[in-house]
Undergrad: 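First the structure, which I've put down as structure tokens, then a few questions once you've had a look.
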Amino acid sequence: MRLFFENREESYQLKYKNIPRNLYKYQPISDSIREDRLKALKENKIWMTKAPYLNDPFDCQPTYYNEKELRKFIEKEGIHEKTGKTIDYLVEATNESLEMFRKNLKVSCFSETNFNMPLWGNYADNHRGICIEYDFTQLEPKDDFIKKIYPVGYDEKRYNITNILKSIINNEYKSNPYVLFFLVMMKHDSWKYEKEWRIIDFDFEETSGIGSLIECPVKPTAIYFGLNCSDKDIDDISSIVNKTETKLHKLELNNNEYFNLNIHE
């Protein structure tokens, strides 16, 4: 994180070197927006979900602050007098700003692995869905799209941002507010099994609904059909993708001592 503040381009280069060759997006296909999902595949788009609609209640808000301490700071520094606002108003404005920051975030989630059984169950409709493989390392390190891709970190505790808020309220910025952006990539340890990377973007236009589609600069390198994916879904997807660019695979159960799945070409 420090490198980002000291040399941003060098930090992008370092992150680029650590992006896995393949990242995987699990998703259903035969749900209420089936046609939209097929259209997204055909037009090479990726779905971005607004942060408040993600399945983790702490997603994009792994932080907390000491309100009592913040109130004392505002009073001691006379910030309420300088601004002509009450302490209650300043604290409420802080809460609203944090909530607005989260509401304007859009996220698309990926995993480092395509053989994660909980992910197939949770996000790919109990193996009735698909897993889409992307190789974002085809892009240059300076590409605007790849700059939006970040690894997720995991921790047991939320991060205390009291000092950051003090700096922002007092217009001193001793603590860089960019830290708030990086903290949206932090989740509780219980999610560690997902091995997640995510695309982060801002929805400054505040579009309606729970999310929106964005153009993807690379095409999927492969699509994996779940064990229970229907023949119709397989046929429909097969008819809209370029199979010379996107390999298609069907997962099958394997008869051996390990919990492995076969890949049928």
Undergrad: Under a 3.5 Å cutoff, is there a donor and acceptor pairing between the side chains of Asp88 and Thr86?
TA: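 Short answer, no.
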Undergrad: Might you confirm whether atom OH of Tyr193 has over 12 heavy atoms from other residues, nucleotides or ligands at distances under 6.0 Å?
TA: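 Enclosed.
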Undergrad: Which heavy-atom pair separates Asn160 from Asn66 by the least distance, and what is that distance?
TA: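 Here Asn160 and Asn66 meet closest at OD1-N, 4.4 Å.
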Undergrad: Could you give all pairs that pass the ring-ring contact (aromatic ring centres under 6.0 Å, His included) test and reach residues 26-56, with sequence neighbours left out?
TA: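 Qualifying pairs: Tyr26-Trp120.
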Undergrad: Would you call Leu261 and Leu253 a side-chain contact if the rule is heavy atoms closer than 4.5 Å?
TA: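 Answer yes - side chains close enough.
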Undergrad: For the residue pair Ser111 and Asn116, confirm or rule out a side-chain donor-acceptor distance under 3.5 Å.
TA: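 Note: Ser111 and Asn116 side chains miss the donor-acceptor criterion.
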Undergrad: How about NZ on Lys195, more than 12 heavy atoms from neighbouring residues, nucleotides or ligands closer than 6.0 Å, or not?
TA: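 12 or below, so no.
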Undergrad: Using a cut-off of 6.0 Å, state whether more than 12 heavy atoms not belonging to Phe145 lie near its atom CZ.
TA: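 Yes, the 6.0 Å shell around CZ holds more than 12 heavy atoms from other groups.
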Undergrad: Within the 3.5 Å criterion, strictly below it, is a donor on Thr246 or Lys219 matched to an acceptor on the partner's side chain?
TA: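 No, no side-chain donor-acceptor pair sits under 3.5 Å.
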Undergrad: Would you call Phe101 and Phe202 a side-chain contact if the rule is heavy atoms closer than 4.5 Å?
TA: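 Yes, their side chains come closer than 4.5 Å.
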Undergrad: Could you give all pairs that pass the side-chain hydrogen bond (donor to acceptor under 3.5 Å, both in side chains) test and reach residues 124-136, with sequence neighbours left out?
TA: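 Sorted result for residues 124-136: Arg21-Asp135, Tyr24-Glu133, Asp125-Arg128, Glu133-Thr221, Glu133-Tyr224, Asp135-Thr137.
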Undergrad: Would Lys187 count as a cation-pi partner of Tyr154, with NZ or CZ less than 6.0 Å from the six-membered ring centre and within 45° of the ring normal?
TA: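 Judged by the rule, Lys187 and Tyr154 form no cation-pi pair.
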Undergrad: Testing the basics here: between Ile29 and Arg37, what is the closest heavy-atom pair and its distance to 0.1 Å?
TA: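 Closest pair (atom of Ile29, atom of Arg37, distance): CD1-CB, 3.9 Å.
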Undergrad: Would you name the heavy atoms of Met48 and Ser108 that are closest together and state the gap between them?
TA: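 Heavy-atom minimum between the residues: SD-CB, 3.4 Å.
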Undergrad: Output yes when a side-chain donor or acceptor of Lys85 lies under 3.5 Å from a complementary backbone atom of Ile79, and no otherwise.
TA: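 Such a contact is absent between Lys85 side chain and Ile79 backbone.
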Undergrad: For Lys157, look at atom NZ and say whether over 12 heavy atoms of other residues, nucleotides or ligands are found less than 6.0 Å away.
TA: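 Count not over threshold, so no.
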Undergrad: Applying side chain to side chain donor-acceptor pair (under 3.5 Å), name anything that partners Ser97, two or more places apart in sequence or on another chain.
TA: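 Not a single residue meets the side chain to side chain donor-acceptor pair (under 3.5 Å) criterion with Ser97.
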Undergrad: Check step by step if salt bridge (Lys or Arg N to Asp or Glu O under 4.0 Å) holds for Lys250 and Glu252.
TA: CA-CA 7 Å; Lys250 179 70 166 65; Glu252 297 178 343; over 6 Å; no
Undergrad: More than 12 non-hydrogen atoms from neighbouring residues, nucleotides or ligands closer than 6.0 Å to CD on Glu77, yes or no?
TA: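 Result for CD/Glu77: enclosed.
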Undergrad: Does a side-chain heavy-atom distance below 4.5 Å link Phe225 with Asp231?
TA: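 No - every pair of side-chain heavy atoms lies 4.5 Å or more apart.
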Undergrad: If you look at every heavy atom in Val218 and Cys216, which pair is closest and at what distance?
TA: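 That closest heavy-atom pairing would be O-SG, 3.0 Å.
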